[in-house]
Chemist: 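One structure, as structure tokens, below. Some questions next.
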Amino acid sequence: FPCELPPPFLSQVNRGERGKSLKEAALTFDCSLSNEYTDKILGVLSQHTVKATFFVTGDWAENHPESLTAIYEAGHEIGTHSASHKHFSSLTLEEKAQELLQSRKSISSIISAPILWFRPPYGDSDRETYSAARASGFSCVLWDLDSQDWKNTPPKQISSQLASQCRDGDILLFQNEALNTSTALSYLIPALEEKGFRFATISELYAKIEKEHAKTPDITDNMLPCV
């Protein structure tokens, strides 16, 4: 792989082998504000035996340590969503680094899990964001499909839109605080499984990229560079 660490922005991964019977998608959840629906989301994921990746802010982790522990103990992957959910392009390099280090400190004070991935709040980033993340030991992750569940769209509509658009290697974005997310997931997961999908964490998708890169030299064409 061309980088010492995973790619700066992991998204639109592994578009090859469209004819494969088994495809992968990653369900990811941003946790930054409330916590009202986290348990319902975990319940649906458990019911379908699906593992996901949760990006939590340091503030959210400190305010909801029991939920963070429950996510971790259920076997889901934990990433950081910064310390306080600020627009990273408006921060200095030093401020970016402080946000990242503080978020790791907050999360690691509650769970003993490696924190490898960083999702910039609002998807807002620049070259310094990548530099700060890499220097702090993180790799940045965006998304391919946004559920826009925060708009409180009807659950079946969220599910049908995502199921019709999802491709192998896609990263799907949800919010833990949205009203209809858990119900939408109860429709979406079976719909994608019927289409031959399995669900992976971000680390599992990255492992697949590494494996496919060994066979496909131009796999990095599907990465989103930090610009």
Side-chain angles (χ1 to χ4, degrees), residues 6 9-11 13 24-85 88 99-100 102-123 133 136-150 158 162 170-186 188-189 192 198-207:
F9 286 96
L10 176 59
S11 188
V13 296
E24 289 186 332
L27 304 180
T28 67
F29 301 87
D30 289 355
C31 306
S32 61
L33 297 174
S34 70
N35 192 42
E36 187 174 356
Y37 303 110
T38 305
D39 286 346
K40 290 184 178 180
I41 291 170
L42 289 176
V44 174
L45 295 175
S46 175
Q47 179 183 354
H48 293 278
T49 320
V50 168
K51 301 305 181 193
T53 303
F54 288 75
F55 292 91
V56 307
T57 65
D59 288 348
W60 188 90
E62 292 178 0
N63 290 330
H64 307 288
E66 298 87 357
S67 289
L68 177 58
T69 300
I71 294 169
Y72 173 59
E73 291 183 347
H76 301 292
E77 185 169 39
I78 307 296
T80 178
H81 199 33
S82 80
S84 57
H85 209 257
F88 261 58
E99 278 278 320
L100 292 165
Q102 181 58 47
S103 71
R104 172 177 276 147
K105 180 179 178 181
S106 297
I107 296 169
S108 296
S109 70
I110 301 166
I111 60 172
S112 57
I115 311 300
L116 305 176
W117 308 104
F118 165 55
R119 172 169 283 161
Y122 315 102
S136 302
F138 298 110
S139 290
C140 299
V141 182
L142 294 179
W143 57 87
D144 299 291
L145 297 176
D146 185 352
S147 69
Q148 298 189 9
D149 50 356
W150 54 271
I158 294 174
L162 293 175
D170 271 353
I171 298 170
L172 282 61
L173 169 65
F174 300 89
Q175 308 295 325
N176 78 311
E177 67 230 23
L179 173 65
N180 293 326
T181 301
S182 60
T183 305
L185 288 169
S186 70
L188 176 64
I189 291 172
L192 287 178
R198 68 174 293 273
F199 297 95
T201 64
I202 294 299
S203 288
E204 288 170 340
L205 278 188
Y206 173 60

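All residue numbers in this chain count up from 1 along the given sequence.
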Chemist: Going by atom types alone, do Ser203 and Trp117 pair a side-chain donor with an acceptor below 3.5 Å?
Modeler: yes
Chemist: Take Ile71 and Leu42 through the side-chain contact (heavy atoms from CB on, under 4.5 Å) test and state the conclusion after the steps.
Modeler: CA-CA 7 Å; Ile71 294 169; Leu42 289 176; 4.0 Å; yes
Chemist: Could you check if a side-chain atom of Pro65 sits within less than 4.5 angstrom of a side-chain atom of Ile111, using non-hydrogen atoms only?
Modeler: no
Chemist: Do any N or O atoms from the side chain of Thr57 and from the backbone of Ser82 form a donor-acceptor pair under 3.5 angstrom?
Modeler: no
Chemist: Judged by atom type as modelled, is there a donor-acceptor pair below 3.5 Å linking the side chain of Asp144 to the main-chain atoms of Ile171?
Modeler: yes
Chemist: So, Glu99 versus Ser84: side-chain donor-acceptor pair below 3.5 Å or not?
Modeler: yes
Chemist: If we only count heavy atoms from C-beta on, is the Leu162 to Ser147 side-chain gap below 4.5 Å?
Modeler: yes
Chemist: Between Glu77 and Ile202, is there a donor-acceptor pair closer than 3.5 Å when you use the side chain of the first and the backbone of the second?
Modeler: yes
Chemist: Taking the side chain as every heavy atom from C-beta outward, state whether Leu27 and Ile189 have any atom pair closer than 4.5 Å.
Modeler: yes
Chemist: Take Thr38 and Asn176 through the test side-chain hydrogen bond (donor to acceptor under 3.5 Å, both in side chains) and record every step on the way to the result.
Modeler: CA-CA 6 Å; Thr38 305; Asn176 78 311; 2.9 Å; yes
Chemist: So, the side chain of His76 versus the backbone of Ala52: is there a donor-acceptor pair under 3.5 Å, distance only?
Modeler: yes
Chemist: Among Asn35, Asp30, Leu33, which one satisfies side-chain contact (heavy atoms from CB on, under 4.5 Å) with Trp60?
Modeler: Asn35
Chemist: Do Ser136 and Arg104 have side-chain atoms, one donor and one acceptor, less than 3.5 Å apart?
Modeler: no
Chemist: If I compare all heavy atoms of Ile78 with all of Ile115, which pair ends up nearest, and what's the gap?
Modeler: O-CD1, 3.9 Å
Chemist: Take Val141 and Thr53, measure what side-chain contact (heavy atoms from CB on, under 4.5 Å) needs, and give me the verdict at the end.
Modeler: CA-CA 11 Å; Val141 182; Thr53 303; over 6 Å; no
Chemist: Determine, step by step, whether Tyr37 and Phe174 satisfy the ring pair (Phe, Tyr, Trp, His ring centres under 6.0 Å) criterion, reporting the C-alpha distance in whole Å, the side-chain angles of both residues, the deciding distance to 0.1 Å, and the verdict.
Modeler: CA-CA 12 Å; Tyr37 303 110; Phe174 300 89; over 10 Å; no
Chemist: Using only atom types and a distance under 3.5 Å, with no angle test, would you say the side chain of Ser186 pairs donor to acceptor with the backbone of Thr183?
Modeler: yes
Chemist: Are there over 12 heavy-atom neighbours, none belonging to Lys40, within less than 6.0 Å of that residue's NZ?
Modeler: no
Chemist: Would you please test Leu100 and Phe88 for side-chain contact (heavy atoms from CB on, under 4.5 Å) and show each step?
Modeler: CA-CA 10 Å; Leu100 292 165; Phe88 261 58; 4.2 Å; yes
